[in-house]
Amino acid sequence: MTDTSELPVRVRMAPSPTGPLHIGTARTSLYNFLFARHVGGTYVLRIEDTDLARSTVEQEQDIIDTLHWLGITWDEGPQVARGDDIGSYGPYRQSMRLDLYAAEADRLMASGAAYHCWCTPEELEAVRREQEAKKEAPRYNGRCLRLTHADREQFAREGRQPVVRLKVPPETIRFDDLIRGEVEFDNALLGDFVIVRASGVPLYHFVVVVDDEKMDITHVIRGEDHLSNTPKHIALIRALGYREPRFGHIPLILNPDRSKMSKRKSQTAITAYREQGYLPEALVNFLAFLGWSPGTEEEIFTLDELSQRFDLAHVHKAGAVFDVDRLDYLNGVYIRSLTDEQLALRLRPFLPDALDDAAVLRVTPLIKERLVRLADATELTAFLVESDAEVAALYDADALVPKGRAPADAARALAIARDTLDALTDGDFSADVLETRCRRAAEELGWKAGDFFRPLRAAVTGRGVSPPLFGSMELLGRDRVLARIDSALGKVSAEAPTA
RNA sequence: GCCCCCAUCGUCUAGAGGCCUAGGACGCCACCCUUUCAAGGUGGAGAUCACCGGUUCGAAUCCGGUUGGGGGCACCA
């Protein structure tokens, strides 16, 4: 068998714990997950931590947690950052598979497909500069391939540690990409690349190929940035006598300027979105449509629906700009689709303890339609948490006095409102009753309801914009509402020229 | 510089030769609803399908070139 087309489908995602879970990695993981679910294949998580210097267990933990948070689960791989892997192809961390890579590197050395290279970084740099000056492709010149036995002994005596390079045959590499179709590269342009560091720790291109073979991966679905790396992988596969998997390169997620999405120009950590109160359902739906569509005009899908519909045939070739406005819209759609109870539960972590669970549940219907992100609830409910004095500190004439009216008018309206509400018992202090009474008062005054409500809203919430006024007053309670109107009255009266 | 990939409204996309005088969504604008803000409803602006040549009775859809954009060329992944 020279390829994997007869094998049961196994795909993998291979994040590197050198930073928090990246949007692009999440989307690639999602596509692999959806593909595996759709065809009934196996989905493997493998941690690519061969860059020992930059990999940390904290970041690995973040990746695992965040993937779970998104609802992405795997059939094989680590479950927590400790090592109770599930699956029979483990271990699933490359740092724990070093012996395997060393053995495969030895095989390559023994067969003559790879060789030691003693060139120093300085020497390599010099060659590269020379090539650039001559406008040639920067690649290794094969100097150490022509070393004599004596040369090697000399280097060894100097204490120099060699790297291992693959001898790349000058041949044309062709493969049928699942998304892009026939792609062709000339490996004569490649140069012999390094597969094992001088430290003995193997490099990405090498380990990815070894693991994909040993883990029986049949479909390698990854970002387009790996398209140009594929001929290296195929060269390695051939040198090692492995089976060739199918490759599929999905389009990149882009910054607004259409460059590859980066931390420098965009918010790339999924955690950051989570902290702002984006729902995982919205993020998943949004990410799925960045480079794929079901071919219809439907656009709201759950994870389950996505796994039923997802197919590689509808994956785009062109990159997609990450459009936060669209994410915001989707997030709102998902927030509004939640019941009050569900939403209250999600809101809990974003609201202060001063608001108890019952209070959170009571404000939820008032703010539901106004939330773009869960974190927005903090500002929307601040008037409930703030003391009367804090609210009073926010009072300003502009919000308190309706346009076209004098401060004295606002004072009069406020005074009337105060008397109206004062006449109510605690038991009558409900949104419905409040609204009826206040409307009647406005009418008697001869004011438009909206004008009458404006100073009231400002007095009660300290803001010109707030959740629905009467529901807010009900939540606040009679005493606090009255107290706030009193201090607003004081503020407005001070503004007004003596009547 | 070399190699590779890509190209439909500002953005995400539908479109697999006639159904397209190009559809939907986000955003934007207007109006309606309305106690503010939202949400919702209705309508609108917005794409000579990058350009130029072919193929065809017929092309956004196929082919070639041009231009533009992106990615890759590490002892990072």
Side-chain angles (χ1 to χ4, degrees), chain A residues 14-19 25 48-51 53-55 117 119-121 124 128 131-139 161-165 177 179-180 183-186 189-191 193-199 201-205 207-208 223-232 249 251-252 254 256-260 286 289-300 313-314 316-330 332 336 367-372 380 399 435 438-439 442 448-454 456-458 461 463-470:
Chain A
S16 179
T18 53
T25 314
E48 310 240 328
D49 56 354
T50 54
D51 185 347
R54 293 196 299 145
S55 300
C117 168
C119 296
T120 63
L124 259 17
R128 192 171 307 130
Q131 287 167 333
E132 274 167 23
K134 283 194 283 185
K135 302 211 186 291
E136 288 172 3
R139 62 183 144 149
Q161 292 295 317
V163 301
V164 178
R165 284 184 188 274
D177 192 275
I179 290 153
R180 275 143 227 285
V183 183
E184 188 178 300
F185 288 88
D186 180 6
L189 268 26
L190 221 51
F193 58 94
V194 178
I195 60 174
V196 181
R197 297 173 167 93
S199 67
V201 179
L203 257 358
Y204 167 77
H205 295 304
V207 296
V208 76
E224 197 198 326
D225 45 353
H226 282 300
L227 189 57
S228 308
N229 289 326
T230 305
K232 287 184 183 174
H249 292 90
L252 260 19
L254 277 20
D257 67 3
R258 304 203 76 87
S259 57
K260 179 164 90 167
F286 175 71
F289 275 71
L290 241 35
W292 174 85
S293 92
T296 66
E297 288 180 353
E298 303 157 276
E299 51 189 6
I300 305 297
H314 282 93
H316 270 211
K317 292 177 181 168
V321 172
F322 187 97
D323 179 16
V324 190
D325 282 338
R326 201 180 167 78
L327 207 210
D328 283 347
Y329 160 76
L330 274 177
R336 277 172 255 124
I367 60 175
K368 192 190 223 171
E369 286 178 354
R370 279 152 256 263
L371 294 172
V372 173
L380 249 18
E435 180 165 359
C438 287
R439 280 189 189 283
K448 280 195 303 182
D451 281 355
F452 188 71
F453 296 165
R454 184 176 168 84
L456 244 189
R457 162 175 282 109
T461 67
R463 293 157 173 85
V465 172
S466 80
L469 179 56
F470 304 105

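By convention in this document, chain letters (A, B, ...) are assigned in the order of the sequence lines, proteins followed by strands, and residues within each chain are numbered from 1.
Put simply, NE2 on A/His205 is 11 Å from P on B/rG72, counting in whole angstrom units. Counting to the nearest Å, the C1' atom of B/rC76 and the NZ atom of A/Lys260 are 11 Å from each other. Atom CG of A/Asp225 is separated from atom P of B/rC73 by 9 Å (rounded to the nearest Å). Taking atom NE2 of residue A/His316 and atom P of nucleotide B/rG71, one finds them 19 Å apart after rounding to whole Å. We find that NE2 of A/His314 is positioned 9 Å from C1' of B/rA14, with the value rounded to whole Å. Here B/rG71 presents its C1' atom at 14 Å from CG of A/Asp177, a figure rounded to the nearest Å. Separating the NZ atom of A/Lys232 from the P atom of B/rG71 is a distance of 17 Å, rounded to the nearest angstrom. A/Glu298 places its CD atom 14 Å from the P atom of B/rA25, with the value rounded to the nearest Å.
In the set B/rC75, B/rU35, B/rA77, the nucleotide with an atom closest to the side chain of A/Pro468 is B/rU35. Here the side chain of A/Leu203 is nearest to one of B/rC12, B/rA77, B/rU36, namely B/rA77. Among the nucleotides B/rU13, B/rA77, B/rU35, the one closest to the side chain of A/Ala320 is B/rU13. For A/Val163, whose side chain is taken as the heavy atoms from C-beta onward, the closest listed nucleotide among B/rU35, B/rC75, B/rA77 is B/rC75. Of all nucleotides listed (B/rA77, B/rG24, B/rG10), B/rG24 comes nearest to the side chain of A/Glu297. Comparing atom distances between the A/Tyr329 side chain and each of B/rG27, B/rC37, B/rA77 picks out B/rG27 as nearest.
The pairing partner recorded for B/rG43 is B/rC29, the criterion being a Watson-Crick or G-U wobble arrangement whose two distances lie under 3.5 angstrom. Checking B/rC51 for Watson-Crick or G-U wobble geometry (two distances, each under 3.5 Å) identifies B/rG65 as its partner. Base pairing annotation: B/rA60 forms no Watson-Crick or G-U wobble pair, as no partner gives both donor-acceptor distances under 3.5 Å. Partner assigned to B/rC37 is none, using Watson-Crick or G-U wobble distances below 3.5 angstrom. Remark: B/rU21 base-pairs with no nucleotide in the shown strands. Criterion, Watson-Crick or G-U wobble with two distances under 3.5 Å.
Rounded to whole Å, the separation between the C1' atoms of B/rC49 and B/rU61 comes to 10 Å. Between B/rU8 and B/rC51, the distance separating the two C1' atoms is 15 Å to the nearest Å. Between the P atoms of B/rA50 and B/rA45, the separation comes to 22 Å (whole Å). Across the C1' atoms, B/rC3 and B/rG46 are found 38 Å apart, a figure rounded to whole Å. When the P atom is compared between B/rG53 and B/rC6, the two are found 24 Å apart, to the nearest whole Å. Here the separation of B/rC62 from B/rA16, taken at their C1' atoms, is 11 Å to the nearest Å. B/rC63 and B/rU55 are spaced 7 Å apart, taking the C1' atom of each and rounding to whole Å. A gap of 13 Å separates the C1' atoms of B/rA60 and B/rC9, to the nearest Å.
Using a 4.0 Å heavy-atom cutoff across all strands shown, A/Phe322 reaches no nucleic acid atom at all. Among the heavy atoms of the strands lying under 4.0 Å from A/Leu252 are primed sugar atoms or P, OP1, OP2 only; no base atom is included. Nucleic acid contact for A/Arg54: base, since at least one base atom lies under 4.0 Å from a heavy atom of the residue. Looking at heavy-atom distances under 4.0 Å, A/Pro467 makes contact with a base. Here A/Gly223 lies out of heavy-atom contact (under 4.0 Å) with every strand. No engagement by A/Thr230 is indicated, since no non-hydrogen atom pair under 4.0 Å with the nucleic acid exists. Looking at heavy-atom distances under 4.0 Å, A/Leu290 makes contact with sugar-phosphate atoms alone, never a base. Contact annotation for A/Arg439: base contact, defined as any heavy-atom pair under 4.0 Å involving a base atom. Within 4.0 Å (heavy atoms only), A/Asp51 reaches sugar-phosphate atoms of the nucleic acid but no base atom.
Between A/Val321 and A/Phe453, the one whose closest nucleotide on RNA chain B sits nearer the 5' end is A/Val321. Looking at which nucleotide of RNA chain B each of A/Tyr204 and A/Ser293 is closest to, the 5′-most match is held by A/Ser293.
Residue A/Arg326 places a side-chain atom within donor-acceptor reach of the base of B/rA25, judged by atom type and a 3.5 Å distance cut-off alone.
A sub-4.0 Å separation between OP1 or OP2 of B/rG69 and a side-chain N or O of A/Ser259 is absent. Phosphate proximity of B/rG71 to A/His249: absent, as no side-chain N or O sits under 4.0 Å from OP1 or OP2. The phosphate of B/rA14 (OP1 or OP2) has no side-chain N or O of A/Thr296 nearer than 4.0 angstrom. Applying the 4.0 Å criterion to OP1 and OP2 of B/rU36, one finds that A/Arg370 has every side-chain N and O outside that range. OP1 or OP2 of B/rA77 has at least one side-chain nitrogen or oxygen of A/Arg197 nearer than 4.0 Å. When the side-chain nitrogen and oxygen atoms of A/Arg258 are compared with OP1 and OP2 of B/rU11, one or more of them lie within a distance under 4.0 Å.
Between A/Leu203 and A/Arg197, some side-chain heavy-atom pair lies under the 4.5 Å cut-off. At least one side-chain heavy atom of A/His249 sits under 4.5 Å from a side-chain heavy atom of A/Thr230. Counting heavy atoms from C-beta outward, A/Arg439 and A/Phe453 have side chains that approach closer than 4.5 Å.
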Filtered N/O pairs between nucleotides 1-7 of chain B and protein, under 3.5 Å:
residue : atom : partner  : partner atom : Å
B/rG1   : O2'  : A/Lys135 : O            : 3.1
B/rC5   : O2'  : A/Arg180 : NH1          : 2.6
B/rC5   : O2'  : A/Glu224 : OE2          : 3.3

- Query: Passes side-chain contact (heavy atoms from CB on, under 4.5 Å), A/Val201 versus A/Asp51? Steps please.
  - Reply: CA-CA 8 Å; A/Val201 179; A/Asp51 185 347; over 6 Å; no
- What do the steps show when you test A/Glu224 against A/Lys260 for side-chain contact (heavy atoms from CB on, under 4.5 Å), and what is the final call? CA-CA 10 Å; A/Glu224 197 198 326; A/Lys260 179 164 90 167; over 6 Å; no
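A/Ala320 approaches A/Gly291 most closely through the heavy-atom pair CB-N, 4.3 Å. Taking every heavy atom of both residues into account, A/Pro17 and A/Asp49 meet most closely at CG-CB, 3.8 Å. The two residues A/Arg139 and A/Leu190 make their nearest non-hydrogen contact at CB-O, 3.6 Å. Closest heavy-atom contact between A/Arg180 and A/His316: NH2-O, 4.4 Å. Nearest heavy atom pair, residue A/Ser466 against residue A/Arg457, reads OG-NE, 2.9 Å. Considering all non-hydrogen atoms of both residues, A/Val163 and A/Ala198 come closest at CG1-N, 3.5 Å.
Listed by chain and residue number, nothing satisfies the side chain to side chain donor-acceptor pair (under 3.5 Å) test with A/Asp325 (two or more places apart in sequence, or in another chain).
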